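Input: a single structure, listed below in structure tokens.
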2 protein chains.
Amino acid sequence: MTNVRFAVAVHVLTLLAHAQAPCTSAFIASSVNTHPVVVRRILGALQRAGLVTGQTGPGGGFRIAKAASKVKLSDVFLAVEDSAAPASHHPNPQCPVGRQVKGLVTDVGKRAEKAFLASLAGQTVEDLARVVRKKAGSAASC
Amino acid sequence: MTNVRFAVAVHVLTLLAHAQAPCTSAFIASSVNTHPVVVRRILGALQRAGLVTGQTGPGGGFRIAKAASKVKLSDVFLAVEDSAAPASHHPNPQCPVGRQVKGLVTDVGKRAEKAFLASLAGQTVEDLARVVRKKAGSAASC
DNA sequence: CTTTCTGCAACAAACATTGCTACAGATGCC
DNA sequence: GGCATCTGTAGCAATGTTTGTTGCAGAAAG
């Protein structure tokens, strides 16, 4: 996979699980090492998935929307990524082998994606936050 | 995933498992519905992985290098794709949370990739070829 | 009504992917 | 030998995706 949205999303959620007060996109961006708008884009996706809430105005920012122990990493993945399955191709429709293979490959990809997501579903943001708390102390800052 | 190399690779190997004689890249390309050079690029990767052999000259072309029942779909995936794990990002090195999370996300991704590949490893090219033979007849052509 | 935020559109730069041309080199056949 | 048929690979254009950035509308708090 080439994009880093999942890694950033997990990073941000772990950060928010740590935090007491709402975090601004500028603060988060300095931890993630990117631009605040990039953070807002990813948090927009997490918001649509019901994982975080954003509040405008002074003292506003983002909060995690529910207990970190209820946020599975598969939820995070699906919030920021369309699919983990390999893409299908477009075989010559006149080739009987090609027609069949296309369907089979799609099925194979879906099964593998399911296994991928099941692995992610075995861990929650809280699991990561616990490790971080232990090793990095409880400071939420940078 | 955005690229279709895995789908094409599986398609081609199923085709080769069917075929009696070597197949030229032009023939394969007409089944896959793409350009012969694209086929040769992907078959180059499969060749480096020891899954197919290519022969130059008249009457040449590509053959499957071993029994289709010994070619796991995970072998095919690894031959044409670097990794199935989500990419990592580059957090601010001064942020203790970011430093920790980066490592954790990498581990999580590797575990999920392992599950993904294990799912693919449960099927071989022969499994697909068998279904195709049943449903599409034994004609290798288009 | 000013300041501090998010939300979003619009754009540029960088990169990945695919299709294509062109050609070097291997190989079989006359 | 000379020719036709292949692979192998470099190079290039077109397209699409991802990321970083600017700019601005609108919500909310004091």
Side-chain angles (χ1 to χ4, degrees), chain A residues 1-9 11-12 16 19 21-49 51-65 79-84 86-92, chain B residues 1-9 11-12 16 19 21-49 51-65 79-84 86-92:
Chain A
M1 201 161 334
T2 149
N3 78 61
V4 301
R5 288 194 296 264
F6 175 67
V8 172
H11 180 154
V12 173
L16 293 184
C23 296
T24 69
S25 61
F27 168 75
I28 296 170
S30 90
S31 168
V32 172
N33 217 18
T34 183
H35 197 280
V37 171
V38 174
V39 169
R40 292 205 289 268
R41 274 209 282 253
I42 290 175
L43 279 139
L46 296 180
Q47 203 164 171
R48 263 167 259 130
L51 302 183
V52 304
T53 58
Q55 176 135 22
T56 59
F62 296 92
R63 289 175 200 269
I64 194 163
V80 296
E81 217 75 44
D82 280 348
S83 153
S88 186
H89 63 318
H90 301 290
N92 183 338
Chain B
M1 203 161 335
T2 151
N3 78 60
V4 300
R5 287 195 296 265
F6 175 67
V8 171
H11 180 154
V12 173
L16 293 183
C23 296
T24 68
S25 60
F27 169 74
I28 296 169
S30 90
S31 169
V32 172
N33 217 18
T34 182
H35 198 279
V37 170
V38 174
V39 170
R40 293 205 289 269
R41 273 208 284 252
I42 291 174
L43 279 133
L46 296 181
Q47 203 164 173
R48 264 166 256 129
L51 302 184
V52 304
T53 58
Q55 176 135 23
T56 59
F62 295 93
R63 288 175 200 269
I64 194 164
V80 295
E81 218 73 47
D82 281 349
S83 153
S88 186
H89 62 317
H90 301 290
N92 182 337

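Quick caveat: nothing in here was measured; it's all calculated off a predicted structure. Every chain is numbered from 1, with letters handed out A, B, ... down the list of sequences. All heavy atoms count here, side chains included; hydrogens, waters and symmetry mates do not.
No engagement by Gly44(A) is indicated, since no non-hydrogen atom pair under 4.0 Å with the nucleic acid exists. At the heavy-atom level, Thr2(A) lies nowhere under 4.0 Å from the strands shown. Nucleic acid contact for Arg5(A): sugar-phosphate only, since backbone atoms but no base atoms lie under 4.0 Å from a heavy atom of the residue.
Across all their heavy atoms, Val32(B) and His89(A) have their closest contact at CG1-CD2, 4.1 Å.
Side-chain atoms of His35(B) lie closest to dG19(C) of the nucleotides dT6(C), dT7(D), dG19(C). For Val37(A), whose side chain is taken as the heavy atoms from C-beta onward, the closest listed nucleotide among dG23(D), dT6(C), dA26(C) is dG23(D). Closest to the Arg40(A) side chain, of the nucleotides dG23(D), dA27(D), dT18(C), is dG23(D). For Arg41(A), the side-chain atoms get nearest to dT21(D) when compared with the rest of dC6(D), dT4(C), dT21(D).
Under 4.0 angstrom from either OP1 or OP2 of dT4(C) there lies no side-chain N or O belonging to Gln55(A). In this structure, Ser25(A) reaches the dT6(C) phosphate: one of its side-chain N or O atoms is under 4.0 Å from OP1 or OP2.
Residues Arg40(B) and Ser25(B) have side chains that bring a donor and an acceptor to within less than 3.5 angstrom of each other.
Both Thr34(B) and Gly59(B) lie near DNA chain C, and the one whose nearest nucleotide falls closer to the 5' end is Thr34(B).
Checked by atom type and distance alone, the side chain of Arg63(B) never pairs as donor or acceptor with a backbone atom of Thr53(B) at under 3.5 Å.
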